Amino acid sequence: MVEETIFSKIIRREIPADILYQDELVTAFRDISPQAPTHILIIPNHLIATANDVKQSDEAALGRMMIVAARLAKEEGIDEDGYRLIMNCNKHGGQEVYHIHMHLVGGKPLGPMLSK
Ligand code: 5GP
């Protein structure tokens with residue numbers, strides 16, 4: 001059985017978070033430890049632990065995450081300059097929270113995609 005993370009509590013508003021968007025499929029909130037002027041996490045409301053666990057039935061939520069990312073990038077005023085969408089998977093990907101999430105990062109030049 002997959003264990004809930006702190007993100008489930010954020011979705012249910014049991015702990016505080018700066019929630020920017022929520023609907024029946026996804027929730028978006030500011031990262032507690034921002035790596036750039038804009039750093040937002042977009043997550044499905046139902047628990048998917050990692051990218052490895054994505055199923056056909058998750059298609060709507062994952063598609064909505066992308067739609068919400070584009071909408072929030074526009075609202076943050078970073079859509080024209082550009083930004084980065086990141087999903088980390090497991091240990092080598094640097095995943096810390098095992099509830100799948102898309103990082104929307106921008107507001108400054110982000111440099112090369114990967115450090116060496
Ligand atoms: P990962 O490394 O798993 O891709 O990213 C997890 C992200 O979640 C990190 O950027 C971290 O700062 C953020 N995070 C962890 N716990 C919390 C929390 O309680 N609230 C918020 N808003 N962000 C969190």
Side-chain angles (χ1 to χ4, degrees):
M1 169 157 159
V2 185
E3 275 193 30
E4 276 192 1
T5 74
I6 196 130
F7 287 179
S8 290
K9 291 189 167 63
I10 288 175
I11 292 163
R12 294 194 297 262
R13 297 176 188 249
E14 291 169 4
I15 62 164
D18 188 357
I19 295 179
L20 301 173
Y21 179 89
Q22 188 167 46
D23 64 20
E24 80 285 8
L25 290 176
V26 306
T27 300
F29 51 96
R30 292 198 194 278
D31 196 292
I32 203 166
S33 175
Q35 305 298 308
T38 291
H39 189 170
I40 296 167
L41 301 174
I42 304 157
I43 68 178
N45 291 341
H46 70 282
L47 175 54
I48 307 168
T50 79
N52 293 329
D53 303 304
V54 167
K55 297 184 178 56
Q56 191 71 45
S57 56
D58 300 320
E59 192 172 353
L62 294 171
R64 185 71 58 82
M65 284 164 65
M66 194 65 225
I67 304 278
V68 170
R71 171 180 165 158
L72 291 174
K74 197 171 179 58
E75 284 179 13
E76 293 283 304
I78 61 172
D79 53 327
E80 291 300 326
D81 280 341
Y83 51 91
R84 193 166 284 159
L85 299 173
I86 305 165
M87 293 181 84
N88 296 322
C89 180
N90 276 342
K91 193 170 52 177
H92 283 194
Q95 185 172 3
E96 289 172 2
V97 179
Y98 283 79
H99 182 136
I100 204 171
H101 47 281
M102 180 183 281
H103 297 255
L104 165 60
V105 186
K108 67 173 188 180
L110 296 171
M113 188 171 71
L114 297 171
S115 58
K116 298 218 164 103

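All residue numbers refer to positions in the sequence shown, counting from 1. Because the structure is predicted, anything quoted here is derived from the model rather than measured. Both ligands and their constituent atoms are indexed starting at 1 by order of listing.
- Distance check, rounded to the nearest 0.5 Å: CE of Met102 to CZ of Arg84 gives 14.0 Å.
- Only the side chain of Leu41 comes within 4.0 Å of ligand 1, counting heavy atoms alone; its backbone N, CA, C and O stay farther away.
- Judged by distance alone, with hydrogens and angles left aside, the side-chain atoms of Glu96 form no donor-acceptor pair with the main-chain N or O of Gly94 at under 3.5 Å.
- The closest approach between Gly94 and ligand 1 falls below 4.0 Å for a heavy atom of the residue.
- Side chain of Asp79 to backbone of Ala70: no donor-acceptor contact under 3.5 angstrom is found.
- Taking CG of Leu72 as the reference point, atom CG of Leu104 lies at 6.5 Å (rounded to 0.5 Å).
- Annotation: the span from Ile86 atom CD1 to His103 atom NE2 amounts to 6.5 Å, rounded to 0.5 Å.
- Counting non-hydrogen atoms of other residues, nucleotides and ligands closer than 6.0 Å to CD of Glu24 gives a total above 12.
- Counting only heavy atoms from C-beta outward, the side chains of Phe29 and Ile10 approach each other to under 4.5 Å.
- Close contacts of ligand 1 with His103, meaning ligand atoms under 4.0 Å from a residue heavy atom, involve 1 (P), 4 (O), 5 (O), 7 (C), 10 (O).
- Looking at atom 3 (O) of ligand 1, its nearest protein heavy atom turns out to be Glu96 N, 2.6 Å.
- Arg30 O, 2.9 Å is the protein heavy atom nearest to atom 22 (N) of ligand 1.
- Taking every non-hydrogen atom of Ile10 and a distance limit under 4.0 Å, the qualifying atoms of ligand 1 come out as 20 (N).
- Residue contacts with ligand 1: Phe7 is included, with a non-hydrogen atom under 4.0 Å away.
- Residue Phe29 approaches ligand 1 through these ligand atoms, each under 4.0 Å from one of its heavy atoms: 21 (C), 22 (N).
- Within 6.0 Å of the CD atom in Glu14, the count of heavy atoms belonging to other residues, nucleotides or ligands exceeds 12.
- Near Ser33, with a cut-off below 4.0 Å to any heavy atom, the atoms of ligand 1 are 12 (O).
- With a 4.0 Å cut-off on non-hydrogen atoms, Ile32 touches ligand 1 through its backbone as well as its side chain.
- When hydrogens are left out, the protein atom nearest atom 10 (O) of ligand 1 is Asp31 OD2, 2.5 Å; that is the closest non-hydrogen contact.
- In this structure, atom 15 (C) of ligand 1 lies nearest to the protein heavy atom Val97 CG2, 4.0 Å.
- The protein heavy atom nearest to atom 6 (C) of ligand 1 is His101 NE2, 3.4 Å.
- Contact annotation: for Ile86 versus ligand 1, there are no heavy atoms closer than 4.0 Å.
- Relative ring orientation between Phe7 and His101 is described as perpendicular, the plane-to-plane angle rising above 60° on a 0-90° scale split at 30° and 60°.
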